[in-house]
Structure formats: structure tokens, C-alpha cells
Amino acid sequence: MSKLKVYNSLTRQKEVFESITPGHVGMYVCGPTVSGESHLGHARPYITFDIFYRYLTYLGNKVRYVRNITDAGHFEEEGREAEDKISKKAVLEKLEPMELVQKYTNLFHWAMNEFNTISPSIEPTATGHIIEQIVMIEKIIADGYAYVANGSVYFDVDKYNEDFSKKELPYGILSGRVLDEQIESTRELDNQDEKRNKSDFALWKNAPPEHIMRWKSPWGEGFPGWHIECSAMSAKYLGDQFDIHGGGMDLQFPHHECEIAQSAVCNHVMPARYWLHNNMITINGRKMGKSYNNVIKLSELFSGSHPILVQAFSPMTIRFFILQTHYRSTLDFSNEALQAAEKGLRRLWEAYEALQKMQVDQLSFDASKADAELNEKVNTLLAEFDEYMNDDLNTAKVLASMFEIVPVINSIKDQHIEVSALTIETFETLQQKMKTFVEDIMGLKSELQGDQSKLDGVLKVLIDLRKQARAKKDFATSDAIRNQLLQLGIALKDEKNGEMSYTFS
RNA sequence: GGUCCUGUGGCCGAGUGGCUAGGCAGAGCUCUGCAAAAGCUUCCACAGCGGUUCGAAUCCGCUCGGGACCUCCA
């Protein structure tokens, strides 16, 4: 069997994946900023890296998956001003950042659960690691790669680049950005900028009086810059150098580039060996984002309550939709595409369930009836699952192979072909492999539970039948419907006006 | 302006120098009391123009179009 290959943004090519410690994988993924509700765009990385997590585990690795929660920074809820802090409002009327953080963290977890993603091994928060971040900043200052200005601390990118280019860790190593060009456009310095160079970035920021999130530090009260948290937490839980660092492509610069610089100064090593980036979800060809005003929140997606949406789309439909595309391609949202995904998923899932319901010991296999060609086809398709996953996690191709197996399953189910067309070995491999890949690796699950509107529809049909039966004085039928429903815990009642109502026990 | 990615059939999307992607939609047939489902068959493609090659959607060049990053961003 082939080895897992992944596209490393650092080298811009697919590489065979080998962990630092065989059998163990450390993976860090940039988590959400919990100052607002997650949207469709957020679904992409967390589902993508959920698949990585699941697949690496399937390959026999013990994976430590760390995904942070960014809960420090500028925190305001829409319509509420940060000046709350200095106003004379009562405590309970003030904006309490931790309340916001909690609210959106909960919503994030809820959505991730809906998507059937596995929780990370560790989910550290930025606010819970202020000390680690301060220690790291002090080290960078001590080494001469950062400077203090008015209570803020900035990373000296120029100096870093000069020294670390010699160590093959230039600034821009990940994003391919050349520093000189950036300095070119440094001229238009806005007002009294504290930075020496435009490309310098904040490690610590002095908090103005109205800023509601603040911590004491050697440089005064303030809050950490947004790159340092990932450097501090990844090193703490995964070591100075670990295997995989993941995140959205938009984080490649400046976020990940800055992480590398910070970590390189402190730990003298490239923090992660494989940098994996998922591409963006677009809507009408545009990246989904606040600045474009085209955000569809996950809760709106699940409920269908957004003007763009023609209907609600279930979490599994969205998961499937995302998996149908390779993670490094952009994925364009549209109602039509989601509807197609919904139908496709249903087809796959129904065949999958039918397959799993078949029990080998209740089927009679006759080896003499085996269709050699069909067996070979099925076994080849099944073997491709691993090959395609190994090829930089090509879930799109795995699903395509699965869909080629669907007609075989349906044909057996509908008795268009005999089950004996497959050998018992092939059949058992098929069942087992489909289970592993559909549920354990793709992370798909049934969504049948409790769809109230459909149940209501079903009951209406039964009620109408019962009305007809009663009209024909066919009481045997009408009673059978009522009694059998009652056994299921649904009580039908005949109202005075001839209508019927029902209640659930 | 700089860096980079991308352009596949009605829609979404894989993809490799020669071999069926797949899903959804459409057409026909089979099955079926009817319908649905399912099965079988089928239509529709590689932005344009050149070049390399025995052979290119796949490599190179140009043209046109779309997008991302350079600011918070998944």
C-alpha cells in the first residue's frame, strides 16, 4: 500500500508524511475567534482537519490534536460599545467579554457537534495562556528581536529576516513573500505609528482605557497580539517542533508566517514540519467574509433562515458537500450545489444502510456463482479508498469510488443480481470497508432522528385514511389505525367537529 | 501595484500526457396495478489562439475571464 502524502505549503509540493515520533502525530489547527457566530466558511477547515485526524488515527497513529480558541483581543458584540468599561453603568449592564466568549464558544461547539467532528485532544484558550505568551515575548525582547513602544511590543521583522535568512528561516519562507517589496511600500506611515517598519507586527498591545480585555504585563496593562497565542500554545502542548500545522489559506500570511518567526527566535527551529492549508468557500465566486457582507451563519444554514437560501441544509449535507471537493480547491456555494449534495448523500447513505443491514449468516453464498469480473471490480474500488486518501486526502475520489459501488449494492438488494455474484470474502470486505470509510473516516452519520414536519405529514396521511374508513363505516380499519398508533405512543382523538388531533405520550 | 491560484459538460466538481471520474439535472428502456425507488443505456466537456509531442483537457507561451493574499479573517 502507498504511503500518505500531503501537500506541504512550506515546500509547495506533495511529500510523504512521516511523523517525528513514529506512531505519534502532533497536529495544531488554528481555531475560531469567538467574538461572533461561526459561518459556512468556518466549516471547511474544521471538517477538513477532522478528516485528517480520523485518517491519521485510522493509519494507526496516536494523534494529539490541538485546536485553540481565540478569546482575547477586541471584543464587542454588534451594537454594543466597548466604552462600557469606563461608563458608570452597573456591572450587569456592562459588556462582559467572557460572557460573549462563552456564548460563541458554546455555539461553535454545538455546530462542530452537528457536523460530527471529533473534539480536539486539547482545546486551549488564549486567555488561559497569557503567562506563556508573556514569557515568550520576554524571550524575544531579550534576544533583541522585539522592541517596546508606549507599552506595546513589536516584533522586529527586519532584524529577524537579516539574521534568520542565514539559518534558512527567512521571513516569508511560508508565504513566499519577499520582505524587500513590503518595505518599499512602507512610506505612507500613518500618523504616529509606533512601529519601526510597516511589516513589524504586535506581540503585545497597550490597552487604551476603553479596552475591556486587559492583563498586567511587564510593559503595562494590555493584551496579546493575535499571532503569539498559537506559538505559545502549540509549543506548550506539542513541543518546539511538531508534525502538522493546519488552518485556512487566508492564515498563511501574515498569521502563520509570524508564528514561524516568533517560534524560530524562541526555539531555534521551524515549529511545524508540514503546513497544511485548506482553501476557501466562496459564494457567487467571492470569499465568504464579514468584509464582503455575504456571510451565512451555520445556524442559518441548518434552519434555512437566510435570504440567499431556498431551503434548510442539514449538517451532514454540508459535510458531504465539503468532502465532495478536494480540500485545496475553492468550493463555490450555491443552492443548486447543496441540493445536489443532499440528494447524492441520501443515495449513498441508503445504499450504505441497506448494505449494513444484510447479514452474512443469513445470506447464502454459492462460490460457483461468483462473478469474477464483478468481484475484481468491487475489490479494486475498495482498495482505491486508501490510495485516494493517501494522495493528499482526496475525499472527492473516495466518494466517487463509493458511488460506483452503490449500484452493486442496490442490485443485490433489489435482487437484480444474486448476492452470490460476490464471494463471501468480497462481501465481508465490502461491508467492513464501507463502514470504516463512511462512518469512521468520512464521519458521516444518519440524520433520520425526529424530523417533526415529516412525521406530521405521515400522520396526516393516516388520519385521512382513517377518516375515509370511518366514512365507509369500515371501523375495523379505523380502529386498527388508532390502536396501532396508540401502541407507538401516539394518541389519536376524534374531535367534535369531525377533525382528528393527536398527542405524543 | 506586488505575490500566487484558477477557467472542465445545464449545475457542482475529480483528474492524469494516451485509459469511464463521480454527484445533481435531462432522455430512453426494464421492473411496477399506478407512482416512487432501483437497475440498464444514453446526451452534454475540458475559455481562446499558438507551440512541444506519435498523442494534450493534462506540458510551454500568449490573449481573455475569475479569484485569493498583501488589513481582521477559516
Side-chain angles (χ1 to χ4, degrees), chain A residues 9 12 29-33 35-36 38-49 67 70 73-74 108 172 174-186 190 198-199 201 225-227 246-257 277-292 295 298 317 320-348 350-351 354 377 381 384 388 391-392 394-417:
Chain A
S9 302
R12 266 152 267 226
V29 174
C30 291
T33 301
S35 60
S38 306
H39 57 73
L40 176 58
H42 292 106
R44 189 99 191 254
Y46 306 128
I47 288 175
T48 297
F49 289 103
R67 187 182 64 203
T70 298
H74 291 281
F108 173 70
L174 178 66
S175 59
R177 236 156 266 276
V178 181
L179 194 58
D180 298 349
E181 290 162 1
Q182 293 209 288
I183 296 168
E184 286 288 312
S185 56
T186 301
D190 24 319
K198 199 181 176 187
S199 50
F201 57 90
W226 87 292
H227 309 304
M249 252 173 198
D250 50 350
L251 296 183
Q252 203 166 319
F253 189 90
H255 186 55
H256 293 160
E257 196 69 63
H277 293 100
N278 63 274
N279 216 317
M280 301 291 103
I281 288 184
T282 58
I283 177 162
N284 295 324
R286 268 233 125 74
K287 175 182 161 183
M288 190 171 291
K290 256 183 200 164
S291 41
Y292 295 118
V295 169
L298 291 175
T317 297
F320 180 80
F321 173 64
I322 287 172
L323 295 183
Q324 261 190 317
T325 308
H326 186 89
Y327 75 93
R328 285 193 293 110
S329 300
T330 53
L331 169 56
D332 198 48
F333 163 89
S334 69
N335 282 294
E336 295 74 24
L338 259 311
Q339 285 169 327
E342 185 179 55
K343 289 183 184 171
L345 172 62
R346 189 185 307 150
R347 178 172 152 83
L348 176 67
E350 283 176 2
K377 181 186 165 188
L381 287 167
E384 282 172 354
Y388 293 147
D391 185 15
D392 196 25
N394 198 330
T395 54
K397 290 208 93 176
V398 174
L399 289 175
S401 292
M402 284 182 179
F403 273 107
E404 292 202 56
I405 293 175
V406 165
V408 178
I409 298 171
N410 285 335
S411 292
I412 292 172
K413 186 187 75 173
D414 294 346
Q415 298 178 325
H416 289 134
I417 61 174

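This one's a predicted model, so the numbers in the text were calculated from it and none came from an experiment. Every chain is numbered from 1 and lettered A, B, ... according to where its sequence line falls, protein lines coming before strand lines.
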Next item on the list: Decide yes or no on salt bridge (charged side-chain N to carboxylate O under 4.0 Å, His left out) for A:Lys287 and A:Asp250, but give the supporting numbers first.
Entry: CA-CA 10 Å; A:Lys287 175 182 161 183; A:Asp250 50 350; 3.5 Å; yes
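Using a 4.5 Å heavy-atom threshold, the side chains of A:Asn278 and A:Pro45 count as touching. Taking 4.5 Å as the limit, every side-chain heavy atom of A:Phe201 sits out of range of all side-chain heavy atoms of A:Pro254. Between A:Leu348 and A:Phe320 the shortest side-chain heavy-atom distance falls below 4.5 Å. Looking at A:His256 and A:Cys30, their side chains come closer than 4.5 Å, going by heavy atoms from C-beta outward.
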Got a list of protein N/O to nucleotides 22-29 of chain B N/O distances below 3.5 Å?
unit_1	atom_1	unit_2	atom_2	d
B:A25	OP1	A:Lys343	NZ	3.3

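The side chain of A:Arg286 places an N or O atom within less than 4.0 Å of a non-bridging phosphate oxygen (OP1 or OP2) of B:G67. Remark: A:Thr33 is in phosphate contact with B:A74, judged by side-chain N or O atoms under 4.0 Å from OP1 or OP2. Contact annotation: A:His42 reaches the phosphate of B:A74 (side-chain N/O to OP1 or OP2, under 4.0 Å). Between A:Ser329 and B:A14 there is a side-chain N or O to OP1 or OP2 distance below 4.0 Å.
Taking atom CG of A:Leu331 as the reference point, atom C1' of B:C11 lies 13 Å away to the nearest angstrom. In this structure, CG of A:Leu348 is placed 12 Å from P of B:A38, rounded to the nearest angstrom. Summarising the geometry, the separation between CZ on A:Arg346 and C1' on B:A37 is reported as 11 Å, rounded to the nearest angstrom. Following rounding to the nearest Å, A:Ile405 (CD1) and B:A38 (C1') show an atom-to-atom distance of 18 Å. Between the P atom of B:C69 and the CG atom of A:Leu174 lies a distance of 15 Å, rounded to the nearest Å. Between A:His256 atom NE2 and B:U3 atom P there is a gap of 23 Å when expressed in whole angstrom units. The distance from atom CZ of A:Phe253 to atom P of B:C4 is 14 Å, rounded to the nearest whole Å. In this structure, the CG atom of A:Asn279 is 10 Å from the P atom of B:C69, given to the nearest Å.
In a base pair of the Watson-Crick type (N1 to N3 plus N6-O4 or O6-N4) or a G-U wobble (N1-O2 and O6-N3), with each distance short of 3.5 Å, B:C54 is matched with B:G18. Using N1 to N3 plus N6-O4 or O6-N4 for Watson-Crick, or N1-O2 and O6-N3 for G-U wobble, each under 3.5 Å, B:A68 pairs with B:U3. Across all strands shown, B:G61 pairs with B:C49; the Watson-Crick or G-U wobble distances both stay below 3.5 Å. In this structure B:C44 sits in no base pair that meets the Watson-Crick or G-U test at under 3.5 Å. Using Watson-Crick or G-U wobble geometry with both donor-acceptor distances under 3.5 Å, B:C34 finds no partner in any strand shown.
The aromatic rings of A:His255 and A:His227 sit tilted, their planes meeting at an angle between 30° and 60°. Between A:His42 and A:His39, the ring planes lie tilted relative to each other; the angle falls in the 30° to 60° range.
When heavy atoms are screened at a 4.0 angstrom cut-off, A:Met288 is found touching base atoms of the nucleic acid. A:Gly289 comes within 4.0 angstrom of no nucleic acid atom, judged by non-hydrogen atoms across all strands. Among the protein residues, A:His39 comes within range of the nucleic acid bases, having at least one heavy atom under 4.0 Å from a base atom. Contacts of A:Ser38 with the nucleic acid, taken as non-hydrogen atoms under 4.0 Å apart, are absent.
Take the nearest nucleotide of RNA chain B for A:Asn410 and for A:Phe321: the residue whose nucleotide is more 5' is A:Phe321. Along RNA chain B, the nucleotide closest to A:Pro32 and the one closest to A:Asp332 are compared, and the more 5′ of them pairs with A:Asp332.
Atom name P, nucleotides B:G22 and B:U41: the rounded distance is 11 Å, in whole Å. For the C1' atoms, the distance from B:U42 to B:A68 is 40 Å, rounded to whole Å. B:C60 and B:A45 have their C1' atoms separated by 23 Å, with the value rounded to a whole Å. Comparing B:C24 with B:U63, their P atoms sit 41 Å apart, to the nearest whole Å. The separation of B:C5 from B:C59, taken at their P atoms, amounts to 12 Å, rounded to a whole angstrom. Nucleotides B:C64 and B:C12 have their C1' atoms positioned 24 Å apart, rounded to a whole Å. Separating the C1' atom of B:G26 from that of B:C11 is a span of 12 Å, rounded to the nearest Å.
When distances are taken from the side chain of A:Met280 to each of B:C70, B:G39, B:A74, the shortest belongs to B:A74. Side-chain atoms of A:Asp414 lie closest to B:A38 of the nucleotides B:A74, B:C70, B:A38. Out of B:A14, B:C69, B:A38, the shortest distance to the side chain of A:Tyr292 is found at B:C69. Of the candidates B:G15, B:G39, B:C12, B:C12 carries the atom nearest the A:Ser334 side chain, counting heavy atoms from C-beta on. Nearest nucleotide to the side chain of A:Asp250, out of B:G39, B:G15, B:A74: B:A74.
In this structure, A:Arg67 is positioned above the aromatic face of A:Tyr46, its NZ or CZ under 6.0 Å from the six-membered ring centre and within 45° of the axis.
Note: A:Asp392 CG to A:His326 NE2 = 4.0 Å, rounded to the nearest 0.5 Å.
Checked by atom type and distance alone, the side chain of A:Arg44 pairs as donor or acceptor with a backbone atom of A:Met280 at under 3.5 Å.
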